[in-house]
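Working notes, beginning with the structure itself.
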Amino acid sequence: MSEVFDGYERQYCEVSANLSRKCTAASVLAGEQKKQRISEIKAGLDDADALLRKMDLEARSLQPSVKATLLAKLREYKTDLNNLKNEVKRVSSSNASQAARDELLESGMKDAVSVSNDQRGRLLMSTERLNQSTDRVKESRRTMLETEELGVSILQDLHQQRQSLLHAHKTLHGVDENVSKSKKILTAMSRRMSRNKWIIGSVIAALVLAILFILYYKLTH
């Protein structure tokens, strides 16, 4: 769904439930107290209207499959708000005449009970929707926590891989040093062999010259 829509929905359910309670309380008030309470209720209705408009805009900006579901839910909220407005009108009109209110209290107890039942049903429906919104928020939070745990696990794996690469790099560096040392040793050995060859060659040449000199000396004497 949409977290933005869920947020507006949760706010609307809270406002609707609060308005239902205020309507119930206003129906038994009189005089200035009742006028003040009705004024508060009308201000709350404006807030509810604003929330429904925001929900409508948010729903229409989503994909068609999601939008259809949210718009159907929005129509229910609009119906609920219209019923609430009608109830406010009834409560307001009952304040126009004290005599009419007395007559309503005397002869219309059944209607009052019916209205009270409607209010109770609407309050229960708003509470249920609020609970559903809370459950969705909890589910979203649980998903976020799972995603966070997955991210931490991935970071740990990447850290271990980095440590392995650093260890491999150090090992290769040690191998390079050993190879360099071996190369230096082989070079030194090659130089010594070359020097020994020259020395042996010089000794052999000296011996040959000495033998030739001895032969020449014997032949001439």
- Message: Counting C-beta onward and ignoring hydrogens, is there a side-chain heavy-atom pair between Glu9 and Leu70 closer than 4.5 Å?
- Response: no
- Side-chain contact, heavy-atom cut-off 4.5 Å: Glu58 with Leu74? no
- Query: So do the side chains of Asn18 and Glu14 get within less than 4.5 Å of each other, counting heavy atoms only?
  - Reply: no
- Residues Ala59 and Lys67: closest non-hydrogen pair is O-CG, 3.1 Å
- Task: Check for a donor-acceptor pair, side chain of Tyr77 on one end and backbone N or O of Tyr12 on the other, with a separation under 3.5 Å.
- Result: no
- Message: Could you report the tightest heavy-atom contact between Lys85 and Asp49, atom names first, then the distance?
- Response: NZ-OD2, 3.0 Å
- Message: Restricting to non-hydrogen atoms, name the atom on Ile41 and the atom on Leu19 that form the minimum distance, rounded to 0.1 Å.
- Response: O-CD2, 3.5 Å
- What closest approach, in Å, do Leu81 and Ala48 show between heavy atoms, and which atom pair accounts for it? CD1-CB, 3.7 Å
- Message: Does Gln63 have more than 12 heavy atoms from other residues, nucleotides or ligands lying within 6.0 Å of its CD?
- Response: no
- Item | Within 6.0 Å of CD in Glu40, more than 12 heavy atoms from elsewhere | yes
- Item | Flag, side chain of Ser39 to backbone of Lys35, donor-acceptor distance under 3.5 Å | no
- Task: Using a 4.5 Å cut-off on heavy atoms from C-beta on, say whether the side chain of Leu155 contacts that of His159.
- Result: no
- Is the shortest heavy-atom distance from the side chain of Arg195 to the side chain of Ile199 under 4.5 Å? yes
- Item | Closest heavy-atom pair and its distance - Ser16, Leu84 | O-CD2, 4.4 Å
- Lys/Arg N to Asp/Glu carboxylate O, Arg60 vs Asp56, below 4.0 Å: yes
